[in-house]
**Q** 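Sharing a structure below in structure tokens format, with a few things to ask.
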Amino acid sequence: MPAETPTPVAPTSDRVEALYDALLYVVSHDVKSPLVSITLGAELLETASSGGEETARVALDAIRHGAKDLERQLEAVTVISRARRRPLDDTPRALGALLAEIAPLAAPALEGVTVAVDPRPITELLAVSPDPATIEVDVRPSEVRLVLSLPEDTTDLEGSPLELLLGSLTVHAGGTITALAGLEAQLERQGGALQISGARMRLTLPRIEAGR
Amino acid sequence: MTAPATRPAAALIVDDEPDHALIIRHLLGELAPGLPIEVIGTAADLDARLRDAPGGALVLCDRLLAGTEVLPTLRGVAGERSDLTIALLSAWLSDEDRIRAMEAGATHAAQKPATLGEWRTLLGDLLQAATPA
């Protein structure tokens with residue numbers, strides 16, 4: 001039975017608005033903390049000559065940690081920026097062939113499943129999984145769902161990685177969530193979705209009719 | 001004859017930013033030499049540690065600990081420990097945030113200052129507010 005042709009699922013304006021708000025809030029709030037560390041550290045360093053070696057150590061630690069934290073947070077924002085701007089190829093392709101090398105056991109279930117999604121974010125998602133060969137496949141009329149394991153640092157996390165990252169750069173910048181958030185942003189541009197729960201991720205891709 | 005108290009019994013710094021905690025500790029040490037100071041860096045056992053705080057202690061509490069709001073914890077603790085002077089500090093606080101903090105039982109709410117001079121003024125004021133009359 002041919003798959004129905006799905007309408008590309010663009011992020012709703014409400015979601016875009018919410019993410020935009022979250023980004024502005026997290027940048028204005030979280031980035032300020034390392035800046036305060038650097039500013040205070042520099043000021044403290046000026047007084048170090050009267051405060052002694054201990055004051056100088058506190059000051060230098062604050063500057064070093066603040067700069068490192070700032071870099072980590074800005075790098076996470078850069079990951080999202082690149083994901084939004086990356087040129088994506090939406091040529092229709094067989095998903096089974098795409099996954100054949102990484103997850104050969106999943107290939108039979110994916111026979112006849114065609115997607116118009118750039119293969120790079122998919123293979124990069126599989127690379128995040130510690131055990132991509134154990135992928136679970138759920139083929140539905142209009143979409144296909146792939147469920148994969150995630151590293152243990154995501155065990156207690158649930159929801160959209162992008163929303164989690166924009167909820168707290170302080171907590172999530174530089175970790176698995178940052179990588180997943182960048183890949184989620186790319187999938188969303190192509191009508192896909194990504195959710196995590198209990199150290200597992202569920203990747204949803206819209207199917208298209210074969211031979212489109 | 002016992003000298004009158006000129007500072008709170010202790011100070012608790014609740015902050016997941018180690019640098020901020022270190023600098024606050026350093027400044028408190030300048031302003032109130034010998035003041036017992038404890039640093040709490042996670043929300044894990046915050047409730048229990050605040051409930052066990054020395055009587056009359058000054059609590060300097062960051063609003064978010066690893067992304068978790070502390071206001072619900074403060075609300076529970078402030079209801080039972082009215083002897084504590086609780087100051088909510090954050091890199092950024094809106095007027096609404098200040099109101100929510102006071103409603104949760106904080107006695108003070110302030111943005112984290114960006115200069116040492118402002119920090120000394122703020123901490124000096126809070127030490128005075130927490131000093132028994």
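Small disclaimer: the values here were computed from a predicted structure and weren't measured. Chain naming here is simple, since letters A, B, ... match the order of the sequence lines and numbering starts at 1 in each.
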**Q** Is A/T170 close to chain B through its backbone or its side chain, or both, or neither, when contacts mean heavy atoms under 4.5 Å?
**A**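 For A/T170, the contact with chain B is made by the side chain alone.
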**Q** More than 12 heavy atoms of other residues, nucleotides or ligands under 6.0 Å from CD of B/Q128: is that the case?
**A**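 For B/Q128, atom CD is not crowded (no more than 12 foreign heavy atoms under 6.0 Å).
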**Q** Would the number of heavy atoms belonging to other residues, nucleotides or ligands and lying under 6.0 Å from OH of A/Y20 be above 12?
**A**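 No - once you tally the heavy atoms of other residues, nucleotides and ligands closer than 6.0 Å, there are 12 at most.
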**Q** Check whether B/E118 gets within reach of chain A through its side chain, its backbone, both or neither, counting any heavy atom under 4.5 Å.
**A**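 Neither; nothing under 4.5 Å.
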**Q** Below 4.5 Å from any heavy atom of chain A, which atoms of B/P113 appear? Answer side chain, backbone, both or neither.
**A**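 Answer is backbone: N, CA, C or O of B/P113 sit under 4.5 Å from chain A.
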**Q** Exactly one of A/E158, A/H172, A/E184 should register a side-chain contact (heavy atoms from CB on, under 4.5 Å) with A/L164. Which one does?
**A**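 It is A/H172, the one option of A/E158, A/H172, A/E184 that forms the side-chain contact (heavy atoms from CB on, under 4.5 Å) with A/L164.
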**Q** Which of the residues A/D30, A/T39, A/D69, A/V58 is involved in the greatest number of heavy-atom pairs with chain B at under 4.5 angstrom?
**A**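 The candidate making the most pairs under 4.5 Å is A/V58.
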**Q** Apply side chain to side chain contact (heavy atoms under 4.5 Å, CB included) to B/R100 and B/L88, showing your working.
**A** CA-CA 10 Å; B/R100 286 177 56 223; B/L88 187 85; over 6 Å; no
